[in-house]
Amino acid sequence: MQKVRVRFPPSPTGYLHIGGARTALFNWLFARKHGGVLVLRIEDTDVERSTPEAVEEILEGLRWMGLDWDEGPYFQTQYTLEHKEVARRLLDSGQAYRCFCGKEALEAKRAQAVRLHLSYQYDGTCRDIPPEEALQRELKGEPFVVRFKVPRDQGSVVWQDAVFGTEEKAHKDIEDFVILRSNGTPIYLLSNMVDDHRDRITHVIRGQDHRANTPKQVLLYKALGWEVPLFAHISLTLDPKRRKISKRVHGDVVTVRYYRERGFLPWAFCNFIALLGWSPGDDREILSRQELLEAFSLERLSRSNSVFNYDPEDPKLIADPKALNINAHYIRTMPLKELLPFVEEELRLKGLWNPSYADDLRDWFQSTVELIRARYFTLEDFSRQGRAYFSEDYAMDEKAWERNLKADPRIPGWLMELAGRLESLGVFSLESTERVIREAAEEWFVKPGLIINAVRAAVTGQTVGPGLFDVLVCIGQARVVDRLRRVSGKLKQEPEGKGG
RNA sequence: GUCCCCAUCGUCCAGCUAGGCCCAGGACACCGGUCUUUCAAGCCGGCAACACGGGUUCAAAUCCCGUUGGGGACGCCA
């Protein structure tokens, strides 16, 4: 059996989006699973829209996802000559012909067809111009495009698709399509398959939006006497209104960069998009790289499109809730050692990184991450909800202030008193801090919860978090005492009865 | 308009190839309960779907036909 060779051929006209990332992931999985080769090819023939920045953006996205390639990136524009030669070959062998119909004439015909509610197909006006005459006209400088001569018989093109099975398209439903523009440059349809052939691609795994092109390309393979690869057309990812997802209408949520910037773990992101239109066949949803590789197969790819569920109106929902959930799962359960570098990067990015976290405070840093990660969803949570663990400059959540700190007018006094008692503790431990707070509650005839919640709010700025005594020990005696006094002072300054 | 594809909870998937094990299973979301010092954490539970109509069959989510709905493609874009 020949070695598996697949390719990912993005056109560098914009950001790498979810759909493209998914196609890349499936190609990568297939290549890695079968010990094959993944070729990265940049289809930059649309000179108008292609930019070097977009190329870099795509490569960065792939690298971030952890998808490595074995060959390339190759650039399609470097092979233009070869594409033209192939077209010439088709022309010379009579399998293609020169078409002198002007753009305007064709557009008029098309408009006419639309007006009459008829289907439009090129009518073959130039198909039967004798080759010598066509050549003469070319020599005279008359502009022309080259069209492929689709067999005009009752036959059909047949090919294999791993997702859709045996596919067939009647010749009569395929028009004589253009392969070379009047300026002599090749059309994608041609370039793409010529490149696939040169790269010895065995499996073409691409989006379903390319499905209708397939019979044309198969025709080309056969005309050239080339071996036809096996195709796999993967389902599309739609938005909640079932529109094809695009950067233009959906904005950043559909770009890979967005997930990276919003604190997704690369593998959590891969895991999520792998589940859009594919499943291992059982109930597993969290799959490690190894498990995904073992479970992956083209045959299990779904034929129906899937919806990427997000609500641009809802500011809390920064992405599909399931994506968030999968990310949370990994943050909370992955080996701490693997998570640490991501947290470090996040803190660095937000200016919260302290070099001693990797040195003297190494143990403290690790146990802190372990303590707080249990209820985080994204890496950003470490620098937002978790800010108080790494900085004195943390925000006070409004709910924490109103509900926990202003729950009782005596709280400022209690916090001040508690600060003193905690400060005098010789051993600042889970047991000693708990004892101080519970004894105080008893002494003041209030439920411990009232004190505990107030202290949590004061010390972390949050209404929720790990168990309070863990938090206190983590933040440390000096910082806790300091914060209690500071917040107590602020509470006293605040005028009474501000809202009720 | 033409050609093609798809159709299971709100969403993502399982079940369909070889009909009975499915008055349909898992996950997310949502709702409720519970633990507790908090919950955006944990645990427990609930709501919720075979698009519709005909067939075939002892039996259909599964097979066939039609309808409806959705999607894709129809460029001298990729």
Under the salt bridge (Lys or Arg N to Asp or Glu O under 4.0 Å) test, residues paired with A:R403 that sit two or more places apart = none
Those residues that, when tested against A:V253, pass side chain to side chain contact (heavy atoms under 4.5 Å, CB included) (two or more places apart) | A:Y258, A:Y259, A:Y310
A:R211: salt bridge (Lys or Arg N to Asp or Glu O under 4.0 Å) partners, not counting sequence neighbours = A:E167
Side chain proximity check, A:L491 to A:L415, heavy atoms < 4.5 angstrom = yes
How would you list, by chain and number, every residue that makes a side chain to side chain contact (heavy atoms under 4.5 Å, CB included) with A:T45, sequence neighbours excluded?
-> A:Q76, A:T77
Can you list the stems that RNA chain B is part of, where a stem is at least 3 pairs in a row, each Watson-Crick or G-U, with both distances below 3.5 Å?
-> B:1-7 with B:68-74, B:10-13 with B:25-28, B:30-34 with B:42-46, B:51-55 with B:63-67
Can you run down the salt bridge (charged side-chain N to carboxylate O under 4.0 Å, His left out) pairs that involve residues 444-472 of chain A, sequence neighbours left out, and say none if there aren't any?
-> none
Contacts of type side chain to side chain contact (heavy atoms under 4.5 Å, CB included), residue A:S279, not counting sequence neighbours | A:R300
Using a 4.0 Å heavy-atom cut-off across all strands, classify A:T45 as base, sugar-phosphate, or nothing.
-> sugar-phosphate
First of A:L276 and A:N453 reached from the 5' end of RNA chain B, by closest nucleotide | A:L276
With a 4.0 angstrom cut-off to heavy atoms of chain A, pull out the first and last contacting nucleotide of RNA chain B, in 5'-to-3' order.
-> B:rG1 to B:rA78
State which residues pass salt bridge (Lys or Arg N to Asp or Glu O under 4.0 Å) with A:K244; sequence neighbours excluded, sorted by chain then number.
-> A:D209
Side chain to side chain contact (heavy atoms under 4.5 Å, CB included) filter on A:E53, not counting sequence neighbours, yields A:T51
Using the C1' atom on both, measure B:rC52 against B:rC13 and round to a whole Å.
-> 24 Å
Distance, P atom - from B:rA24 to B:rG46, rounded to whole angstrom = 13 Å
Audit row: A:R7, A:D195, salt bridge (Lys or Arg N to Asp or Glu O under 4.0 Å) steps and yes/no | CA-CA 10 Å; A:R7 85 300 198 262; A:D195 290 345; over 6 Å; no
Scan residues 367-383 of chain A against RNA chain B and write down, sorted by residue number, each residue with any heavy atom closer than 4.0 Å; if none is found, say none.
-> A:A374, A:R375
Hits for salt bridge (Lys or Arg N to Asp or Glu O under 4.0 Å) against A:D239, two or more places apart or cross-chain, chain-then-number order -> A:R243
Distance between the P atoms of B:rU56 and B:rG45, in whole angstroms?
-> 44 Å
